[in-house]
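Please read the structure below before turning to the comments.
The structure presented is a predicted model; accordingly, all values stated were derived computationally and were not measured.
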Amino acid sequence: QVQLVESGGGLVYSGGSLRLSCAASRSSFSIYPMAWYRQAPGKQRALVARMPSGGSTTYADSVKGRFTIFRDNVNNTLYLQMNSLKPEDTAVYYCLGTREGSAYWGQGTQVTVSS
């Protein structure tokens with residue numbers, strides 16, 4: 001069952017920018033979106049950025065200085081601003097949320113960066 005919805009993916013050329021959004025569905029608004037992961041074909045899902053409640057943000061080394069994670073607490077929406085995109089950023093990007101100690105995933109949004 002889809003309880004988190006990502007949007008904002010698409011096709012861009014290298015050097016371009018995209019902004020991803022992740023929001024909990026109305027019936028699952030208590031889910032707290034807190035991290036972005038990505039998975040390229042044939043590879044494991046890997047952490048991109050994390051913003052836990054009351055904690056410091058964490059970025060994968062490969063995206064530091066290029067990506068920024070931020071949130072809108074009023075609307076319980078998590079964002080990922082991606083600048084200076086590279087072909088190696090091509091992947092399906094997933095939002096991770098938590099509720100009562102359990103993990104919830106969105107369906108993913110495709111990001112394709114063409115060289």
### Task
Determine whether Ser7 and Arg19 make a side-chain contact, defined as any pair of heavy atoms from C-beta on separated by less than 4.5 Å.
no
### Query
When rounded to the nearest 0.5 angstrom, what is the spacing between CD in Gln44 and CZ in Arg38?
14.0 Å
### Message
Checking Ser17 against Asn83: is there a side-chain donor and acceptor pair closer than 3.5 Å?
### Response
yes
### Close side-chain approach of Tyr93 and Glu6, heavy atoms under 4.5 Å
no
### Message
Does Leu80 form a side-chain contact (heavy atoms from CB on, under 4.5 Å) with Thr68? I'd like the steps, not just the answer.
### Response
CA-CA 6 Å; Leu80 184 68; Thr68 303; over 6 Å; no
### Task
For Ala35 and Leu78, work out which heavy atoms get closest and say how close.
N-CD2, 3.5 Å
### Task
Please round to the nearest 0.5 Å and tell me the distance separating atom NZ of Lys64 and atom OG1 of Thr58.
8.5 Å
### Query
Hey, what do you get for OH (Tyr13) to OG1 (Thr112), rounding to the nearest 0.5 Å?
12.0 Å
### Task
Take Thr109 and Val92 through the test side-chain contact (heavy atoms from CB on, under 4.5 Å) and record every step on the way to the result.
CA-CA 5 Å; Thr109 184; Val92 177; over 6 Å; no
### Message
If hydrophobic clusters are built by linking Ile, Leu, Val, Met, Phe, Trp and Tyr wherever their side-chain heavy atoms come under 4.5 Å apart, do Val63 and Trp36 end up in the same one?
### Response
yes
### Query
Is there a path of hydrophobic side-chain contacts, each under 4.5 Å between heavy atoms of I, L, V, M, F, W or Y residues, that connects Ile69 with Val111?
yes
### Query
Any link between Met51 and Tyr79 through a network of hydrophobic side chains (Ile, Leu, Val, Met, Phe, Trp, Tyr) touching at under 4.5 Å?
no
### Task
Given side-chain contact (heavy atoms from CB on, under 4.5 Å), test Val5 with Gln107 step by step and report yes or no.
CA-CA 7 Å; Val5 179; Gln107 82 287 351; 4.2 Å; yes
### Query
Does Tyr59 share a hydrophobic cluster with Phe70, counting links as ILVMFWY side-chain heavy atoms below 4.5 Å and allowing steps through other members?
no
### Query
Is there a donor-acceptor contact under 3.5 Å from the side chain of Arg45 to the main chain of Gln39?
no
### Message
Show, in sequence, the C-alpha distance, side-chain angles and deciding distance for Phe67 and Leu85, and conclude whether the side-chain contact (heavy atoms from CB on, under 4.5 Å) test is met.
### Response
CA-CA 9 Å; Phe67 291 11; Leu85 283 162; 3.8 Å; yes
### Query
Asn75 side chain to Thr77 main-chain N or O, any donor-acceptor pair under 3.5 Å?
no
### Query
Closest approach of Ser14 and Ser115, non-hydrogen atoms and distance?
OG-CA, 4.3 Å
### Task
Report the distance from atom CG of Asp72 to atom OG of Ser21, rounding to the nearest 0.5 Å.
10.0 Å
### Task
Kindly say whether Val113 contributes a backbone atom to a donor-acceptor pair with the side chain of Thr90 at under 3.5 angstrom?
yes
## Note on the structure
SG of Cys95 to CD of Gln3, rounded to nearest 0.5 Å, is 12.0 Å
### Query
In terms of hydrophobic clustering (I, L, V, M, F, W, Y; side-chain heavy atoms under 4.5 Å; direct or indirect links), are Met34 and Leu47 co-clustered?
yes
### Task
Taking all non-hydrogen atoms of both residues into account, name the closest pair between Trp105 and Tyr94 and its distance.
CE3-CB, 3.8 Å
### Task
For the residue pair Ile31 and Leu4, establish whether any side-chain heavy-atom pair is separated by less than 4.5 Å.
yes
### Message
Between Asp89 and Lys86, does any NZ, NE, NH1 or NH2 come within less than 4.0 Å of an OD or OE carboxylate oxygen?
### Response
no
#### Entry: Heavy-atom pair with the smallest gap, counting every atom of Leu18 and Gly8
CD2-O, 3.7 Å
### Query
If you measure only the distance, is there a donor-acceptor pair under 3.5 Å linking the side chains of Arg99 and Tyr104?
yes
